[in-house]
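Keep in mind that what you see is a predicted model, and the values were worked out from it rather than measured. Every chain is numbered from 1 and lettered A, B, ... according to where its sequence line falls, protein lines coming before strand lines.
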Amino acid sequence: MKSFHFRPCGNLKERYDEELRIFETDFGRAAAIIGGLLFFSAATLLCGSYIVYIFNIIAISSIGALGLNILVGFTGQISLGHGAFFGVGAYGAAVLATRFGIPFIFAVPAAGFIAAVAGMIFGIPSGRLKGLYLTIATLAGQFIIEYLLVHWESLTQGTMGIILPEPQLFGISVVDDRRFFFVVFVILIIMILMTSHLMRTRYGRAFIAIRDNDRAAEGMGIPVFRYKILSFGISSYYAGCAGALWAYYMTSITAEPFNVGLSVEYIAMVIIGGLGSIAGSVFGAAFIVVLSETLRWLTDTIMSLSIIQGMELTLAAIRELVFGLSIVLFIIFEPRGLAEVWRIVRSNFRLWPFSY
Amino acid sequence: MEFFVQILINGLNIGFLYGLAAMGFVMIFKSSSVLNFAHGELLAFGAFFFLTLVSAAKLPLPVAFMGALALCFALGFVVERIFLRPLIGEPLIYVIMLTVGLASIFKGLMLLVWGGNLYMFPPILPAKLSITFAGITIPPVYLLSTSIGILFLIFFGLFFKYSSQGIYMRSVADNQSAALSLGVHVRRVFALSWAIAALVAGMSGIVLGIINGVNVHDLSSIGLKVFPVVILGGLDSIGGAILGGVIIGLLESFTGGYLSASLKDVVPYMALIVILIIRPYGLFGLVEIERV
Amino acid sequence: MNDKPLLQVNNISVVYADVIQVLKGVSLAVKRHQIVSLLGSNGAGKTTSLKAISGLLKPENGKVTEGTILYNGDNIQNKAPEDITRKGIIQVLEGRQPFKYLTIEENLRVGTATRWGKPYREDLDMIYEYFPALVPRRKSMAGYCSGGELQMLVMGRALMAHPDLLLLDEPSLGLAPLVVKEIFKIIKQINEEQGTTIILVEQNANMALQIAHFGYVMENGKIVMEGESKELKENPDVKDFYLGMGTRGDTNSYRDVKAYKRRKRWL
């Protein structure tokens, strides 16, 4: 076995494959595995089902945020249609499951592919548009998909919504919070590994080249348009899978949640977590989910006390206010996101007590 | 025929309102290249200020109108000062996201203060001012909005093209560090452009409020309508904003009138994608000059 | 005649982002109505020195941590660029940064920002006299102009402000030799006719020393040599490493550079 070493104090890499490694040290890999196991057992044994529910939502959002980070953080194309692609995934899974009776294990990746196709179609304008014009074009995509989800009644049953069958894995129902937890976290881990792997292949490097200077990337022989479309596709694939999982978890869906608000929420996750950071996507998703759950919990608690009738509206207003405020404060004080905070904390530990 | 003309007039009018709303948006973009997602909320603030001054403070109309505009101007100034100034020099996506957060904050504030109800203004312009044309009555508010739109268009068009301050504002949008090196007061330009944009937004909010009543959700959703409008015209063209507004307004009212009411809200976006693919910088937008 | 220097930079250090120290004690004295050239290889700290004077460090997260910059007796280090430009110091940035979407004439009008509200017609005529090449392009967008035209444009734009002290950062960058010659002729002319004091940062040391009165040579964030232009031109070290007219051999190898540096340390 190789030598078991800790992270060095500084950049002492000598070979390219050291730079490309997913886990920088064996210790890191071991820590990740042990931490993961601990987390799994703690979550399933100690936590109540509400906490597990929150974990599940965080995991689903993390998958979506990872996808958006590939597009925004790594390829530099700001998209405001991610919520719609999430919706396409959700409806894709729902239709596949109810119409064609496709089982859970195939329906989720298939829904991802459907969303990827949708993403590639709405990524086509990126061939000619740049920057903010592209952002608005994806916003248009959001509205068009939203419209289709509501009005393509023969397929989506319009405002009635679709009720999904119970998700089964190898004959075992996984609809229960705890069981679903395992499924969704295994998928999340696969997705994280896939993303980190993607970023060290030629595709990932091409994405980053396009982000940093698309003109120069083109000059170096990278087919920019093809890679942009590919990035849209991969990003929407993640969104689609997340949407499909969400649809199964919620058991019934309508088009309502997949609005601009959701797209904005995803952008917020990616920015708060840290653009171009894989860990950041997870942090950002966790932050937004916990924030909105906390705000909802506060609302519910105060509501149940029912101090004053008609407080409902005020509370909704406060929720909106706090949500906005936390985004704004984050951007003003730590624009590099939670991933940067994490890095600072970690390097403080690593370099402690000799920080210079 | 009568139906057609009615729809035409409605569309033109709505279009002018969109154009007006979009003008403030373009103004911010022109001086700081920021896409302002809080624009709809700025509109709503204008309408609410006016509403409060008219019905709660019982001020005479012209005074209330000027007062509301002054409040909007101050609001834009303060917003720039507190929220946007720390971000000067940061990548655009952060600034854009900041405006998204701002939109949320504004909405929350307005809901807290005024609640989510629909308020109507007391009738402001006497009905006898309306014009009857080919059997169709055009209410005076429509005329008012159109003339205000044209007035502002001319004024700001000239302002940006010829006045020194307008040229400084454009220079800041173009190349911030070069503008700094020449002594352009960049911070003042930003503050001023936000203040002016808030003022224009507030004004269009007031006009919209007079026509449709004032409601937080309705007015702030106009903020999203503004996007196809400004993109159609080109993000940095004030004349384009008005024309884009008219096109979108007509498209909406004709689809609403002849096809279906639900399609009305998506058609602008479909048109948007088609036009962007044909002309990537909108109808009047400046083509980006890239030199490597 | 006032004999005190117009600008006095006393032993300044500049740090970027609180970590990277670029200038380590730079002192300059610039006399009124002179052209002072600042020479040195890439990364020596020439541009940073200029930015420290004009206040443009701040947007780049840089700061003058030590020393003072006196202009006309006023302390100006770490002041906002808006205030510094209003005192009459205008910098022409490296690499010609026009306002691409403004026409030539509008570009020139931005130069009036420091003296808001005053008429500008006469100044425009003056600029067109110095740079007749700009006249036919007045109405065209700056983004579509050639490098030579842009250099004239950015210099003209700075002159619109009637600066007392003009900081020129590499005006010859990427220009054809003939255009460079013309630009330098105009710089000289501006200095003589307007009495503008000029600090000239250049790679083209030969050209710069021809028109400058005084010169400084920088290396690694320090001033390593200073003197009248004539003296510098005759100095064997400068000849060797900046003018490319070696006395000791025909090529300057890496070993020569090392020997030179060692020698300098003893100086």
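Looking at A:Leu148, neither its backbone nor its side chain comes within 4.5 Å of chain B, counting heavy atoms on both sides. Only the side chain of A:Val72 comes within contact range of chain B, with at least one heavy atom under 4.5 Å from a heavy atom of that chain. In this structure, chain A has a heavy atom under 4.5 Å from the side chain of B:Leu272, while its backbone stays farther away. Contact annotation for B:Ile273: only side-chain heavy atoms (C-beta onward) come within less than 4.5 Å of a heavy atom of chain A. Of the two parts of B:Ile278, only the backbone, made up of N, CA, C and O, holds a non-hydrogen atom closer than 4.5 Å to a non-hydrogen atom of chain A. With a threshold of 4.5 angstrom between heavy atoms, A:Leu321 approaches chain B through its backbone and through its side chain. Of the atoms belonging to A:Phe330, not a single heavy atom falls under 4.5 Å from chain B.
A:Ala137 and B:Leu276 make their closest contact through CB-CD1, 4.1 Å (heavy atoms, listed as atom of the first residue, atom of the second, distance). Taking both residues in full, the closest heavy atoms of A:Gly324 and B:Ser104 are given as CA-CB, 3.5 Å, listed atom of the first, atom of the second, then distance. Minimum interatomic distance between A:Phe143 and B:Val266 (heavy atoms only, all atoms of both residues): O-CG1, 3.6 Å.
For the set B:Val216, B:Ile231, B:Val267, the count of heavy-atom pairs under 4.5 angstrom toward chain A peaks at B:Ile231. With chain A as the partner, the residue from B:Tyr269, B:Phe37, B:Phe29 showing the most heavy-atom pairs under 4.5 Å is B:Tyr269. When each of A:Val260, A:Ile327, A:Ile136 is scored by its heavy-atom pairs under 4.5 Å with chain B, the top score falls to A:Ile136.
The CD1 atom of B:Ile96 sits 6.0 Å away from atom OG1 of A:Thr135, with the distance rounded to the nearest 0.5 Å. Here A:Ile332 contributes atom CD1 and B:Ile82 contributes atom CD1; the two are 9.0 Å apart, rounded to the nearest 0.5 Å. To the nearest 0.5 angstrom, A:Leu325 atom CG is 7.0 Å from B:Phe83 atom CZ.
Residues A:Val264 and B:Met97 meet the side-chain proximity criterion, which asks for heavy atoms closer than 4.5 Å. Counting only heavy atoms from C-beta outward, the side chains of B:Val100 and A:Ile267 never approach each other to under 4.5 Å.
When the shell of 6.0 Å around CZ of A:Arg226 is examined, it contains 12 or fewer heavy atoms from other residues, nucleotides or ligands. Around the OH atom of B:Tyr94, the shell of radius 6.0 Å holds more than 12 heavy atoms that belong to other residues, nucleotides or ligands.
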